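The block underneath contains the structure these notes are about, expressed in structure tokens.
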Number of protein chains: 2
Amino acid sequence: MDTIPIMKRHVLIFGLVGGVLIATLQYTEYRFVVIEHSVELYSALVAILFAAFGIWLGLRITRNRETIRETVVVREVLVPAEAPAPEPFAPNTAQQQTLGITARELETLTLIARGFSNREIATQLFVSENTVKTHCARAFDKLGAARRTQAVQRGKELGLLP
Amino acid sequence: MDTIPIMKRHVLIFGLVGGVLIATLQYTEYRFVVIEHSVELYSALVAILFAAFGIWLGLRITRNRETIRETVVVREVLVPAEAPAPEPFAPNTAQQQTLGITARELETLTLIARGFSNREIATQLFVSENTVKTHCARAFDKLGAARRTQAVQRGKELGLLP
DNA sequence: TGAAAAATCATCCGAAAGGGTGACGACATT
DNA sequence: AATGTCGTCACCCTTTCGGATGATTTTTCA
């Protein structure tokens, strides 16, 4: 499946989508010229396709900024001891720094702690399962964990996970 | 090629593809009957329109997430001398009863939560690994969990685990 | 602008985990 | 004696994980 050298994949995908779109249009032109009502049909299809694609793109281009903000916006607030149930959890960024755990790795860890499988995590993060496994492996290594349950345990001990 | 900030390259490429698409469509207009050209034009317009909409939507989604995160990220720093963490944890026996989780199963769950493998648990409990797996399977079934991390998560939610 | 860091993806392989089924003995209840 | 629960163990099979390695792309930063 991956025999294609991975160049500028975006351009490739764009080209493919565009090509397929054009081909489809031209093909349907011959086949369905007579059918007038099919215009709305594939207009709608194209619309849905591009809307989904646009959403994906929007998510993608803003994702990085989001992670930045996540690390930057941490402001420290003194909380009295009797404050019960401090639900908003902020990971111990100091620990994270010293261990060299990246934002993405921590993100993966939290999803592991919630009981998701690698595949589910991959879906939620819009990456491949292989990528998730890489994040896992590196996070485990930095945490000195051999299993995900152990990683979660360690993460909670270190204040990285709620 | 670009002195343009790389962040917006995606959008740029997208726009270019859109332009190419339109150009192609208009080119084909000359080669085919004039009657159909409105279809393609319409499709292209709809596509671009919805792509823009999708991007806007994607941006909006992530922006909301950001604002949420911004309000949520509050970090307590100095929780003065909390009571020395009364370690004795009492599992919610009521929940355990209603779920029909046996003592041995809960014991296994606890060790799972501490990050042990089945083999290690078997050693600690002086039973075979198969037995541990049986306990796991039954506990997972009663908790509605498919993975041990999920079982741990559920167990903590239900007050079965510390 | 160029190096470093981070994120992404893949492949191979072995180990661990999970599902299903069946079975057996101990023990308590009925 | 019959029944039921619990703990124990085994086998088979599939899926998921984890380790090791190499590569490319994107982002950050000096």
Side-chain angles (χ1 to χ4, degrees), chain A residues 1-13 60-72 96-97 99-109 111-112 115-123 125-152, chain B residues 1-10 13 96-97 100-109 111-112 115-123 125-152:
Chain A
M1 183 189 293
D2 197 39
T3 53
I4 301 176
I6 314 173
M7 306 168 51
K8 306 227 171 190
R9 196 139 44 102
H10 293 130
V11 186
L12 204 76
I13 294 177
R60 185 171 172 80
I61 59 180
T62 51
R63 194 187 51 208
N64 306 304
R65 194 166 6 198
E66 183 187 348
T67 57
I68 291 175
R69 180 162 311 196
E70 190 177 354
T71 59
V72 159
Q96 187 184 346
Q97 289 288 338
L99 291 175
I101 295 180
T102 69
R104 208 57 165 163
E105 286 160 4
L106 183 58
E107 207 171 353
T108 308
L109 272 180
L111 293 178
I112 287 179
F116 293 111
S117 72
N118 285 342
R119 187 162 308 185
E120 291 167 341
I121 295 173
T123 303
L125 295 183
F126 300 102
V127 297
S128 83
E129 193 178 339
N130 286 313
T131 304
V132 174
K133 289 177 72 174
T134 303
H135 288 322
C136 286
R138 292 189 179 149
F140 293 173
D141 186 52
K142 291 166 184 173
L143 284 172
R147 285 165 288 282
R148 38 179 57 210
T149 47
Q150 206 174 7
V152 169
Chain B
M1 171 170 140
D2 323 329
T3 55
I4 302 174
I6 314 172
M7 289 284 287
K8 308 186 175 175
R9 188 133 46 107
H10 293 121
I13 295 176
Q96 188 184 344
Q97 288 289 338
I101 294 180
T102 69
R104 207 60 165 163
E105 286 160 5
L106 183 58
E107 206 170 354
T108 308
L109 273 179
L111 293 178
I112 287 179
F116 293 111
S117 71
N118 285 341
R119 187 162 309 183
E120 291 167 341
I121 295 174
T123 302
L125 295 184
F126 300 104
V127 295
S128 83
E129 192 178 340
N130 285 314
T131 303
V132 174
K133 290 176 72 174
T134 304
H135 289 323
C136 285
R138 290 184 181 156
F140 294 172
D141 185 52
K142 291 167 184 173
L143 284 172
R147 284 165 289 283
R148 41 181 51 213
T149 48
Q150 205 174 10
V152 170

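None of these values were measured; they are calculated from a predicted model. Per chain, numbering begins at 1; letters A, B, ... match sequence-line order.
Counting only distance, with no hydrogens or angles, the side chain of A:Gln150 and the backbone of A:Ala146 share a donor-acceptor pair below 3.5 Å. Counting only distance, with no hydrogens or angles, the side chain of A:Lys142 and the backbone of A:Ile101 share no donor-acceptor pair below 3.5 Å.
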**Complete:** Per-nt protein contacts along nucleotides 24-30 of chain C (heavy atom under 4.0 Å; B base, S backbone sugar-phosphate only, - none) come out as -------
**Fill in**
Once base and sugar-phosphate atoms are separated, protein heavy atoms under 4.0 Å mark nucleotides 4-20 of chain D, 5' to 3', with B, S and - as --SBBBB-----SSB--
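Considering CG of A:Asn130 and NE2 of A:His135, their distance stands at 11.0 Å, rounded to 0.5 Å.
Considering all non-hydrogen atoms of both residues, A:Phe116 and B:Arg147 come closest at C-NE, 3.8 Å.
For the pair B:Leu125/B:Arg104, a side-chain contact is recorded, criterion being any heavy-atom separation below 4.5 Å from C-beta on. Contact check for B:Glu105 versus B:Leu109: no side-chain heavy atoms found under the 4.5 Å cut-off. Side-chain contact between B:Thr108 and B:Lys133 is absent, with no heavy-atom pair separated by less than 4.5 Å.
For the residue pair A:Thr134 / A:Thr131, no side-chain donor-acceptor distance below 3.5 Å is found, with atom types taken as modelled.
Rounded to whole angstrom, the span from the CD atom of B:Glu120 across to the P atom of C:dA15 amounts to 16 Å. Here the C1' atom of nucleotide C:dA7 and the CD1 atom of A:Ile101 are 16 Å apart, to the nearest Å.
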